[in-house]
Amino acid sequence: MIPEPTNFIEDIIVDDLKSGKHTSVCTRFPPEPNGYLHIGHSKSIGINFGIKEKFGGKCNLRFDDTNPTKEDVEYVESIKEDIRWLGYEWDRELYASDYFDATYELAVKLIRKGLAYVCEYSPEEIRATRGTLKEPGQESPYRNRSVEENLTLFENMKNGMYPDGSKVLRAKIDMASPNMNMRDPVIYRILRATHHRTGDKWCIYPMYDFAHPIGDALEGITHSICTLEFEDHRPLYDWVTEHCDFDPRPRQIEFARLNIKNTIMSKRYLKKLVDTGFVEGWNDPRMPTISGMRERGYPAEAIKDFTSRVGVAKANSEVDSALLEHCVREYLNVHADRCMVVERPLKVYIDNVPEGETHEFEVQDNPNSETSGTHNVKLGHLIYIDQSDFALTPPPKYKRLVEGGTVRLKGAYIIRHTATELDADGNVAAIRCEYIPDSAQGGANAGMKVKGVVQWVNAADAVDCELYKYASLLVDATETVTDFNDRLNPASLTVVEGAKAEPFVAAGEIGKAYQFMRTGYYKKARVSADGTVRFYLIVSLKDSYNK
Ligand code: ATP
Ligand code: MG
């Protein structure tokens with residue numbers, strides 16, 4: 001049974017399977033190892049590996065390593081780790097450099113067919129003679145060299161007889177083509193650079209437009225899915241596979257890149273943030289990289305949910321980051337245990353709970369999970385609530401504790417304010433309260449009307465925490481400021497020290513996500529020697545996603 005298609009790429013695949021053009025499908029994800037993967041790549045990963053899963057086919061991981069000056073094994077390893085973390089496994093791990101010998105032989109084949117020539121123009125001369133969209137290009141004076149001469153020159157190029165940039169191999173196509181990519185494109189260049197896999201074996205490297213279709217064809221890729229900017233390269237892609245005599249030939253299909261508002265989606269620019277030290281590294285929790293999101297505490301499932309909700313389109317558009325955050329919240333709402341954390345602690349003495357006495361309450365770890373366990377919270381003479389949950393002069397519609405007022409302590413009693421202690425500057429230093437007997441859940445006074453419910457932490461067993469709160473790396477673009485460089489947000493990280501958490505968080509392993517009641521989802525990032533727990537803000541509770 002051939003599955004139902006759900007987008008235009010799958011339409012093509014289903015047609016090819018139904019017509020018998022292919023009996024099975026093979027895709028590939030082809031990253032260039034010149035940086036870490038970002039959220040945009042997860043779109044391409046989702047499409048390519050998604051097709052493999054849906055149609056029972058194969059998907060290769062092919063590193064497009066034709067640019068030795070920018071590439072590195074560190075990037076290769078990080079890319080593999082990120083794909084696995086997203087939950088995908090490739091069939092074959094391959095490198096464009098695996099095909100350097102085959103690619104060279106195919107270039108020789110083109111020369112023999114009179115379809116490629118060695119050109120001695122400088123890069124500037126090539127550019128200057130390429131023509132424009134309105135005017136045809138000029139043919140290179142080297143264009144009509146004999147096959148023999150081209151074979152010798154190309155071999156000499158390979159053997160290192162010429163300096164970098166002094167010669168190139170060009171495909172002989174059509175200098176008058178309306179498609180600029182067909183005007184005798186360069187397919188090989190001389191470049192002395194140590195390659196991370198082939199070392200110094202080669203001093204000539206194929207161009208992407210030549211290496212990519214060859215890699216696809218050699219691997220038996222049936223559908224080569226790439227982003228829209230390669231649409232104009234498709235005629236060249238087809239020219240290469242045709243004239244290299246491949247049969248069957250892979251088909252290139254383009255889709256729209258994923259763009260997210262206020263989000264940098266270019267490895268080159270992300271690298272700059274790393275190199276200048278604006279962020280701690282590629283996996284800094286603020287980075288829109290897969291590794292940054294993992295470090296931040298975004299679940300892989302939420303990222304996959306997001307890319308599938310964005311869908312596959314043929315026209316470029318920009319998605320709001322609120323949708324990604326919405327997917328993260330939806331997942332964590334079901335999967336993250338709840339806990340109480342007070343960010344800016346205010347001392348609250350419960351005068352009718354004498355010192356040394358503790359009351360215990362059982363609470364559910366996660367009321368939104370069917371498999372939730374429970375844990376106990378203790379309440380003694382001194383507890384903390386957040387400074388923002390008590391006001392001497394409450395603003396209008398204030399739903400928390402005021403002088404003489406009542407409020408429910410989440411999961412425990414209702415308390416009534418009795419007195420306020422001020423410090424020398426007139427600021428609130430502590431408040432005194434009484435709990436209402438039998439006001440816990442199920443008690444006779446549980447139904448008493450209160451203004452609101454607040455989270456609280458018992459002082460005797462509170463855990464000290466520091467909260468790393470993240471905001472967007474970029475501030476919104478304005479009419480005058482559009483450049484990334486001028487939009488870096490100096491306040492993308494705020495550290496809140498002195499927060500207090502219930503002891504439940506001490507038991508959780510590093511990496512565990514919690515919902516801090518009434519504030520946000522946080523990841524337990526580390527515990528320092530003195531027991532202080534560091535949390536990263538994954539996403540706040542407030543959802544700005546507009547369905
Ligand atoms: P960058 O400009 O960030 O380096 P790239 O396209 O050069 O991006 P590659 O490593 O060449 O990065 O990309 C690997 C694959 O991921 C390609 O097929 C590419 O089309 C795809 N890809 C990259 N960015 C996006 C994006 N924003 N949305 C969807 N697919 C993307
Ligand atoms: Mg690229």
Side-chain angles (χ1 to χ4, degrees), residues 7-9 26-52 59-72 74-80 82-83 86 88 90 93-97 196 207-209 211-213 215-216 219 221 223-234 237 250-275 282 287-293 303-304 306-321 323-324 484:
N7 59 51
F8 76 93
I9 297 177
C26 185
T27 55
R28 86 286 170 268
F29 174 63
E32 182 177 356
N34 62 348
Y36 283 56
L37 297 180
H38 51 63
I39 178 79
H41 292 110
S42 68
K43 176 87 221 170
S44 174
I45 292 171
I47 294 175
N48 283 297
F49 286 92
I51 288 171
K52 162 192 158 126
C59 180
N60 293 343
L61 170 60
R62 167 150 24 96
F63 290 99
D64 163 31
D65 57 351
T66 50
N67 224 339
T69 49
K70 302 216 173 84
E71 294 158 4
D72 199 272
E74 176 196 347
Y75 301 136
V76 168
E77 292 309 317
S78 75
I79 288 169
K80 293 202 279 188
D82 289 351
I83 297 173
L86 284 172
Y88 297 113
W90 48 91
E93 175 185 332
L94 299 153
Y95 295 79
S97 55
H196 71 99
M207 304 302 287
Y208 174 88
D209 277 338
H212 203 82
D216 283 347
E219 279 168 36
I221 302 301
H223 301 86
S224 175
I225 297 157
C226 63
T227 40
L228 226 44
E229 69 272 20
F230 290 101
E231 196 170 20
D232 288 346
H233 296 237
R234 191 180 345 128
Y237 182 98
R251 169 170 177 177
Q252 175 178 305
I253 307 169
E254 308 86 16
F255 72 98
R257 294 177 88 80
L258 171 63
N259 293 308
I260 305 179
K261 229 171 114 191
N262 274 350
T263 306
I264 303 168
M265 216 83 94
S266 138
K267 280 179 281 185
R268 199 170 51 84
Y269 195 81
L270 292 170
K271 184 168 190 308
K272 218 165 124 189
L273 295 180
V274 174
D275 291 344
W282 285 95
M287 290 281 270
T289 50
I290 307 290
S291 53
M293 291 182 173
I303 294 174
K304 287 162 81 168
F306 166 72
T307 53
S308 91
R309 287 201 209 191
V310 168
V312 179
K314 260 189 218 173
N316 279 316
S317 65
E318 204 175 51
V319 182
D320 198 319
S321 60
L323 175 59
L324 174 57
F484 282 161

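We use all heavy atoms of the structure for the numbers below, so side chains are in, but hydrogens, waters and symmetry mates are not. Predicted model, so just to flag it, every value in this text is computed and none were measured. Both ligands and their constituent atoms are indexed starting at 1 by order of listing.
- Using a 4.0 Å cut-off to heavy atoms of Pro30, the atoms of ligand 1 that qualify are 14 (C), 18 (O).
- Atoms of ligand 1 lying under 4.0 Å from at least one heavy atom of Ser266, given by number and element, are 3 (O).
- A salt bridge between Arg234 and Glu254 is present, with a side-chain N of the basic residue lying under 4.0 Å from a carboxylate O of the acidic one.
- Annotation: Ala256 places no N or O atom under 3.5 Å from an N or O atom of ligand 1; distance criterion only.
- For a threshold of 3.5 Å applied to N or O pairs, the pair formed by Glu32 and ligand 1 contains at least one separation below that value.
- Contact annotation: for Arg268 versus ligand 1, there are no heavy atoms closer than 4.0 Å.
- The atoms of ligand 1 that sit less than 4.0 Å from any heavy atom of Met265 are 3 (O), 27 (N).
- Considering backbone and side-chain atoms alike, Glu229 places every N or O at 3.5 Å or more from each N or O of ligand 1.
- With a heavy-atom cut-off of 4.0 Å, Phe29 touches ligand 1 through its side chain alone.
- Heavy-atom minimum distance, Ile79 versus Pro31: CG2-CG, 3.8 Å.
- Note: an N/O pair closer than 3.5 Å links Thr227 and ligand 1 by distance alone.
- A salt bridge is absent between Lys267 and Glu32: the closest approach of a Lys/Arg side-chain nitrogen to an acidic carboxylate oxygen does not fall below 4.0 angstrom.
- Ring-plane geometry between Phe484 and Tyr269 is classed as tilted, the angle between the planes lying from 30 to 60 degrees on a 0 to 90 degree scale.
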